[in-house]
Amino acid sequence: MAYKKVEHYEDRITSGLIENYRESLELLGENPMREGLQKTPERIAKAMQYLTQGYQMDARAILNSAKFHENVSEMIIVKDIELYSMCEHHMLPFFGKAHIAYIPNGYITGLSKVARVVDVYSRRLQVQERLTTQILNAIKDSLDPLGVAVVIEAKHLCMMMRGVQKQNSVTTTSAFWGEFEKAETRSEFTKLISSKLS
Ligand SMILES: Nc1nc2c(ncn2[C@@H]2O[C@H](COP(=O)(O)OP(=O)(O)OP(=O)(O)O)[C@@H](O)[C@H]2O)c(=O)[nH]1
Ligand SMILES: [Zn+2]
């Protein structure tokens with residue numbers, strides 16, 4: 001019974017979105033009834049729900065679901081994790097790569113879970129700076145490590161296809177905690193994320 005109620009609520013949200021996108025198309029001067037656009041409001045609704053599904057996800061639960069006791073004290077880096085998010089100012093995509101490192105303190109997590117955390121926070125309306133610190137905080141809180149580092153390099157379509165129209169600028173944001181606040185650890189991390197696989 002409770003499940004049915006939730007389903008009903010979700011259906012209402014989807015139909016509300018579809019109606020809104022149909023109206024938006026009309027306000028933008030389009031004819032939402034023409035052949036190519038008839039299903040477009042439904043497609044946009046689905047796409048937007050997919051791209052914002054991170055609100056329903058719990059990054060800490062994901063990291064904890066594959067948390068293993070392990071006596072490793074070396075830096076673990078997962079680099080070049082591709083990400084797609086949407087800026088909260090224009091709802092236009094920004095996309096790029098995240099590089100994440102942590103130094104365990106008795107616990108490690110599944111490598112894929114680190115990449116999943118990027119999706120949890122990317123699939124929301126974001127600013128790159130907040131995305132960076134949310135990823136860091138989730139890892140810090142779940143694994144209680146000795147240090148965490150997150151670097152994100154991204155291109156923002158709101159700066160490319162509109163507004164200032166700069167095609168080549170890349171924004172880099174970073175957040176460091178614990179051991180990574182030491183220059184030496186941080187520079188080892190920076191060196192390792194810049195190196196290419198042979
Ligand atoms: N700090 C930060 N700014 C962002 C991000 N994504 C988009 N922005 C910026 O958000 C700002 C919003 O500024 P406004 O002046 O309110 O909006 P606008 O008139 O559309 O600005 P322009 O893009 O300069 O045309 C712009 O400078 C965007 O470049 C982000 O992830 N982080
Ligand atoms: Zn923007």
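Quick caveat, the model's predicted, so the values are computed rather than measured. Atoms within a ligand are numbered from 1 in the order they appear, just like the ligands themselves.
Annotation: atom 6 (N) of ligand 1 to nearest protein heavy atom, H156 ND1, 3.3 Å. Protein heavy atom at the shortest distance from atom 29 (O) of ligand 1 is M159 CG, 3.9 Å. The protein non-hydrogen atom at the shortest distance from atom 3 (N) of ligand 1 is H89 CE1, 3.9 Å. From the protein, the heavy atom lying nearest to atom 32 (N) of ligand 1 is E129 OE1, 2.8 Å. Among all protein heavy atoms, the one lying closest to atom 20 (O) of ligand 1 is H90 NE2, 2.6 Å.
Under a 4.0 Å criterion applied to the non-hydrogen atoms of Q128, ligand 1 contributes the atoms 30 (C), 31 (O), 32 (N). Listed by number with element, the atoms of ligand 1 under 4.0 Å from a non-hydrogen atom of C158 are 7 (C). Counting the atoms of ligand 1 from 1 in the order shown, those under 4.0 Å from a heavy atom of G163 are 25 (O).
Electrostatic pairing of K182 and E179 counts as a salt bridge here, judged by a charged N lying under 4.0 Å from a carboxylate O.
Within a 4.0 Å radius of atom 10 (O) of ligand 1, the protein has at least one heavy atom. Distance check on atom 1 (N) of ligand 1: some protein heavy atom falls below the 4.0 Å cut-off. For atom 22 (P) of ligand 1, the protein comes within 4.0 Å by at least one heavy atom. Protein non-hydrogen atoms do not reach within 4.0 Å of atom 16 (O) of ligand 1. Shown here, atom 25 (O) of ligand 1 is in close reach of the protein: a heavy atom of it lies under 4.0 Å off.
Contacts with ligand 1 closer than 4.0 Å are made by side-chain heavy atoms of R162 only, the backbone lying farther away.
Panel note: side chain T133, backbone R130; a donor-acceptor pair is recorded below 3.5 Å.
R60 CZ: more than 12 foreign heavy atoms inside a 6.0 Å radius. Annotation: K67, atom NZ; neighbour count of heavy atoms from other residues, nucleotides and ligands within 6.0 Å is above 12.
Counting only distances under 2.8 Å, and ignoring water, the protein N, O or S atoms around the Zn ion (ligand 2) are C87 SG, H90 ND1, C158 SG.
Donor-acceptor pairing under 3.5 Å is recorded for the side chains of T173 and Q128.
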